[in-house]
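These notes concern the structure reproduced below.
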Amino acid sequence: MDLQTTRKLYENALGELAAKYLESLDPEEIRPLMESRALELISQIKSILDDETLEDPGCFRRIDAMVDAFHDHGVPVSRHDW
């Protein structure tokens, strides 16, 4: 079996285990964890916006930093170069 197929099988198995675990939790247990991660990302974005070292006319450095922050938090976003 090739590496890509093996990886997909592991991802599927882990996804199923994670879903079963999350189903066993009370939604009120999950909410604070999600809110904490969201606040962490918002705080990181605020720091990026306040960072004067990322100053450039088109804000490209800030946008790149924010895209990286989203990726670091598992939020897939893309950046389009014009």
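Keep in mind the model is a prediction, meaning the values are calculated, not measured.
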Is the shortest heavy-atom distance from the side chain of Arg7 to the side chain of Gln4 under 4.5 Å?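 No - every pair of side-chain heavy atoms lies 4.5 Å or more apart.
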pair Met66-Val77: side-chain heavy atoms closer than 4.5 Å: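 Heavy-atom side-chain distance check fails, nothing below 4.5 Å.
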Look at the side-chain heavy atoms of Ile, Leu, Val, Met, Phe, Trp and Tyr, link any pair under 4.5 Å apart, and say whether Val75 and Leu39 land in one connected group.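 No, because Val75 and Leu39 fall into different hydrophobic clusters, even though each may have its own neighbours under 4.5 Å.
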Applying the 4.5 Å side-chain criterion to the ILVMFWY set and letting contacts propagate, would Leu3 and Tyr10 be lumped into a single cluster?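 Shared cluster, no.
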May I ask you to decide if Thr5's main-chain N or O and Asp2's side chain share a donor-acceptor pair within less than 3.5 Å?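 Pair found, side chain donor or acceptor close to backbone of Thr5.
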I'd like to check the side-chain hydrogen bond (donor to acceptor under 3.5 Å, both in side chains) partners of Thr53; sequence neighbours left out, ordered by chain and number.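 Residues passing side-chain hydrogen bond (donor to acceptor under 3.5 Å, both in side chains) with Thr53: Asp51.
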How many angstroms lie between atom [atom1] of [X] and atom [atom2] of [Y], to the nearest 0.5 angstrom?
X: Lys20; Y: Leu22; atom1: NZ; atom2: CG; result: 13.0 Å
X: Leu25; Y: Arg31; atom1: CG; atom2: CZ; result: 13.0 Å
X: Asp68; Y: Ile63; atom1: CG; atom2: CD1; result: 12.0 Å

Members other than Leu14 in its cluster, when Ile, Leu, Val, Met, Phe, Trp, Tyr link by side-chain heavy atoms under 4.5 Å?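 Direct or chained contacts put Leu14 with none.
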Answer yes when Arg61 and Glu55 have at least one side-chain N-carboxylate O distance shorter than 4.0 Å, and no when they do not.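 Between Glu55 and Arg61 there is no salt bridge, as every charged N stays at least 4.0 Å from the carboxylate O atoms.
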Tabulate below the donor-acceptor pairs under 3.5 Å that side-chain atoms of residues 40-47 make, not counting sequence neighbours, or state none.
from	atom 1	to	atom 2	distance (Å)
Glu40	OE2	Arg37	NH1	3.3
Glu40	OE2	His73	NE2	3.4
Lys46	NZ	Asp50	OD2	2.6
Ser47	OG	Ser43	O	3.2

Nearest heavy atoms of Ala69 and Ile48, plus distance in Å: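 Taking Ala69 first and Ile48 second, the nearest heavy atoms are CB-CD1, 4.1 Å.
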Would you please test Lys8 and Glu11 for salt bridge (Lys or Arg N to Asp or Glu O under 4.0 Å) and show each step? CA-CA 5 Å; Lys8 287 296 179 193; Glu11 289 172 354; 3.4 Å; yes
